[in-house]
Amino acid sequence: MKIKESKRKLMLLLICVIVASIILGAYLIMCTGEAKKIAENEISNEQGADLMDITKNPIATITMESGEIITLELYPKTAPQTVCNFISLANSGYYDGLIFHRIIQGFVLQGGDPQGTGIGGPGYGIVGEFKSNGHENDISHVEGVISMARAASYNSGGSQFFLVVGDARFLDGDYAAFGKTVDVKSTDICMEMSVVPTGAQDRPINPPAIKTIRVETFGYDYPEPDKLN
């Protein structure tokens with residue numbers, strides 16, 4: 001009897017140790033993830049502070065192969081990582097020749113994918129600068145706004161972006177808006193592009209192609225974004 005009782009106690013102790021190990025492991029994983037999130041947010045916030053002395057916002061010019069031009073003002077004080085990333089890609093020629101691979105009338109024009117399929121990117125991610133990821137961003141997703149596309153992960157944005165062609169304010173707080181068209185003409189061009197015929201997965205039959213995207217920084221040297229794996 002004593003041997004059986006000892007085995008029972010030993011088994012109970014072993015079970016307690018296993019359960020405690022599982023709980024501790026889950027706690028450490030949670031803490032590590034939270035610490036990483038805080039660190040990433042601090043990086044973005046620090047860069048935002050560095051850009052607060054900007055007196056003139058950068059201006060992005062999207063020149064389409066059709067000859068139409070969309071002009072946007074970018075807001076580095078609101079979304080510093082996103083703007084620095086866009087400037088770096090645009091002025092390096094990354095977007096030249098790419099298409100708008102996804103168009104939904106009354107919603108968005110999405111482009112910036114080097115594969116033209118919706119799953120491509122530059123090989124890295126950046127911090128998602130929006131409320132649900134711990135960042136203040138008061139740019140609402142209304143007609144003419146440019147915002148970063150992403151996958152399920154908050155920090156998975158890379159090169160894909162979308163132009164809003166309707167009332168998409170339900171995206172506020174979950175996507176990093178970072179600029180807006182500067183005039184009615186630019187907004188109208190976006191609206192005209194939104195009605196092109198599309199097929200499966202909202203892909204245009206004849207996808208509008210980007211000739212170039214360049215950003216005028218007015219002499220300010222914007223740093224490279226902090227790239228995440």
Between [X] and [Y], is there a donor-acceptor pair closer than 3.5 Å when you use the side chain of the first and the backbone of the second?
X      : Y      : value
Asn91  : Val215 : yes
Asp167 : Arg169 : yes
Asp202 : Arg102 : no
Gln160 : Gly120 : yes
Thr78  : Asn137 : no
Thr217 : Pro58  : no
Arg150 : Asp174 : yes
Ser194 : Gln105 : no
Gln81  : Asp226 : yes

Rounded to the nearest 0.5 Å, how far apart are [atom1] of [X] and [atom2] of [Y]?
X      : Y      : atom1 : atom2 : answer
Thr117 : His101 : OG1   : NE2   : 7.0 Å
Ile54  : Tyr220 : CD1   : OH    : 4.5 Å
Thr71  : Glu216 : OG1   : CD    : 12.0 Å
Leu163 : Ile70  : CG    : CD1   : 5.5 Å
Ile210 : Asp96  : CD1   : CG    : 8.5 Å
Glu192 : Asp188 : CD    : CG    : 6.0 Å

Which heavy atom of [X] sits nearest to which heavy atom of [Y], and what is that distance?
X      : Y      : result
Cys190 : Leu109 : O-CD1, 3.6 Å
Pro208 : Met64  : CB-CE, 3.7 Å
Ala79  : Phe178 : CB-CB, 3.9 Å

Original post:
Should the pair Asp183-Lys185 be classified as a salt bridge under the 4.0 Å nitrogen-to-oxygen rule?
Top reply: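 No, Asp183 and Lys185 are not salt-bridged.
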
Subject >> Lys/Arg-Asp/Glu bridge criterion (N-O < 4.0 Å) met for Asp138, Lys131 >> reply: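 Salt bridge flag = no for Lys131 with Asp138.
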
Got [X] and [Y] here, is their nearest side-chain heavy-atom distance under 4.5 Å?
X      : Y      : value
Asn206 : Val196 : no
Ile62  : Leu72  : yes
Thr198 : Ile205 : no
Lys180 : Glu73  : no

Original post:
Yes or no on side chain to side chain contact (heavy atoms under 4.5 Å, CB included) for Thr212 and Tyr95, after CA distance, side-chain angles and deciding distance?
Top reply: CA-CA 6 Å; Thr212 62; Tyr95 291 120; over 6 Å; no

**OP:** Would you please test Ile213 and Thr63 for side chain to side chain contact (heavy atoms under 4.5 Å, CB included) and show each step?
**Re:** CA-CA 6 Å; Ile213 300 181; Thr63 303; over 6 Å; no

For atom [atom1] of [X], decide whether the heavy atoms of other residues, nucleotides or ligands shown that lie under 6.0 angstrom number more than 12.
X      : atom1 : result
Glu65  : CD    : yes
Gln201 : CD    : no
Lys211 : NZ    : no

**OP:** Could you list who else is in Val142's hydrophobic cluster, with ILVMFWY side chains joined at under 4.5 Å, directly or through other members?
**Re:**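 The other cluster members (ILVMFWY side chains, heavy atoms under 4.5 Å, direct or chained) are Tyr75, Ile104, Phe107, Val108, Ile139, Val145, Phe162, Val164, Phe170, Leu171, Tyr175.
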
**OP:** Walk me through it: do Phe218 and Ile59 pass the test side chain to side chain contact (heavy atoms under 4.5 Å, CB included)?
**Re:** CA-CA 9 Å; Phe218 302 103; Ile59 298 295; 3.8 Å; yes

Subject >> side chain to side chain contact (heavy atoms under 4.5 Å, CB included) between Phe86 and Tyr94, worked out >> reply: CA-CA 10 Å; Phe86 189 79; Tyr94 182 92; over 6 Å; no

Original post:
Going through the checks in order, is the side-chain hydrogen bond (donor to acceptor under 3.5 Å, both in side chains) test met by Glu224 and Ser88?
Top reply: CA-CA 6 Å; Glu224 287 290 310; Ser88 174; 2.9 Å; yes

Subject >> Audit row: Tyr124, Asn85, side-chain hydrogen bond (donor to acceptor under 3.5 Å, both in side chains) steps and yes/no >> reply: CA-CA 11 Å; Tyr124 63 83; Asn85 180 64; 2.6 Å; yes

**OP:** Please determine, by modelled atom types, if Thr82 and Glu129 share a side-chain donor-acceptor pair under 3.5 angstrom.
**Re:**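 Indeed, the side chains of Thr82 and Glu129 share at least one donor-acceptor pair under 3.5 Å.
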
Subject >> Side chains of Asp172 and His141, donor plus acceptor under 3.5 Å >> reply: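 Side chains of Asp172 and His141: pair found under 3.5 Å.
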
